[in-house]
Amino acid sequence: MLRPPPQLRVSEWAERHRILGSRASAEPEPWRTSRTPYLREVMDALSAVHPARRVVFMKGAQVGATEAGNNWLGYILHHVPAPVLAVQPTVELAKRFSRQRVDPLLEETPALRERVAPARARDSGNTLLSKEFPGGILVLTGANSAVGLRSMTARFLFLDEIDAYPGDVEGEGDPIALAEARARTFGWRRKAFLVSTPTIAGRSRIEREYAASDQRRYFVPCPHCGEMQWLRFERLRWEKGDPRSARYHCEACDEPIEEHHKTAMLAGGEWRATATAEDPHTVGFHISSLYAPVGWYSWEQVARDWEAAQG
Ligand SMILES: [Zn+2]
C-alpha cells in the first residue's frame, strides 16, 4: 500500500489502457502510439514526471491532437487524480465535447469505466459538464463563461482550440489568463495544455504562444538521401489541376517523395527545438496536416483542398 505509484508517462498509459472507438469504428482496438509517432513526445511532456508546466501544441487538422488530449485526461483520471478544468471555446462546445469525446473515452476504456459512474445514475457525481472520480474531478466549461473559468482551482488545464476563444470574457479579461490563475495554487505541480489549429497569421493566440516557446518541429528523414527536415507546404508540388500528381520534394536532394514513404518517415522522425523559450517551463510543438498518417489525410487531398480554396 505504501509503494509509490508507478511513474508511467502518458504514452505508456495510453498503450496499456486506452481502447479506441467501439462507437466510431466497428472493432474496438487498443491505442497504438506508433500510428502517430509524433504524438509520443507531446503526450509525454504532459506526464506528471515531466518538468514542463505549459505544453503548447499548434497543429493542423487530422493529426490526432484530440486523442492526445483524451489520453492525457484518461491518464489523469486513472493515474494522477486531481482537479482538471477542460475549456472549449464556448459552453455549448464544451457540452458537445463532453458527449462526443469524454463520454466515449470513459465508456470504452475499462480502467476509466470503473472510476466514473454512468451519467444516468442518480447522485453519480457524473453530469454533462462535471465528472467526479476518486481523488479528483473533471469540469468542462467554455471560454465565454467567466463563472465557469473561476469555478474551481485546478491542477491541470486542458485549453482546447484557443484561437476560437474570445479576447475578453464578460469584462474580466483574457480567458487563458483567467484559467491559468486558477492553477497557480498548485505551484510547480500544475500543468496546462494549450492546443489549437492556427487561424489568422498575426492574430493567432496559438501562434503567439508557440513563438514564445522552444518551437519544436518534427524532423523526418528523406527516404532517398536521409536528410532530416521538417515538412513545409512550399515543398509539395503538383501539376496544376491534377492533385493526384502531388509529391513532396526533399529540401536536400529535391527527389520526389511519395505518400507511402510517410509511414517510415514518421517512424524515423524526431522533435528538435528551433528556439530558446522565453519561459523555460514552456515547451511548444508544431505539426501540420502534411504529417497526417497514411489513410487519414493525404498529400493529394492537401493539394485538392488548396486548389478548391483558390478564389
Ligand atoms: Zn533527399
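Just follow the structure's listing: the first ligand is 1, and inside any ligand the first atom is 1.
Using a cut-off of 2.8 Å, one finds that His224 contributes no N/O/S atom close to the Zn ion (ligand 1).
A salt bridge does not link Arg244 with Glu239: every distance from a Lys NZ or Arg NE/NH1/NH2 to an Asp or Glu carboxylate oxygen is 4.0 Å or more. At a threshold of 4.0 Å, the pair Arg54-Glu209 counts as salt-bridged, since one of the basic side-chain nitrogens sits closer than that to a carboxylate oxygen.
In this structure, CG in Asp103 is found 4.5 Å from OG in Ser98, a value given to the nearest 0.5 Å.
Around the Zn ion (ligand 1), the two atoms SG of Cys253 and SG of Cys250 are separated by an angle of 110°, to 10 degrees. With the Zn ion (ligand 1) as the vertex, SG of Cys222 and SG of Cys225 span 110° to the nearest 10°.
Aromatic rings from Trp230 and Tyr218 are positioned such that their centres are separated by 6.0 Å or more.
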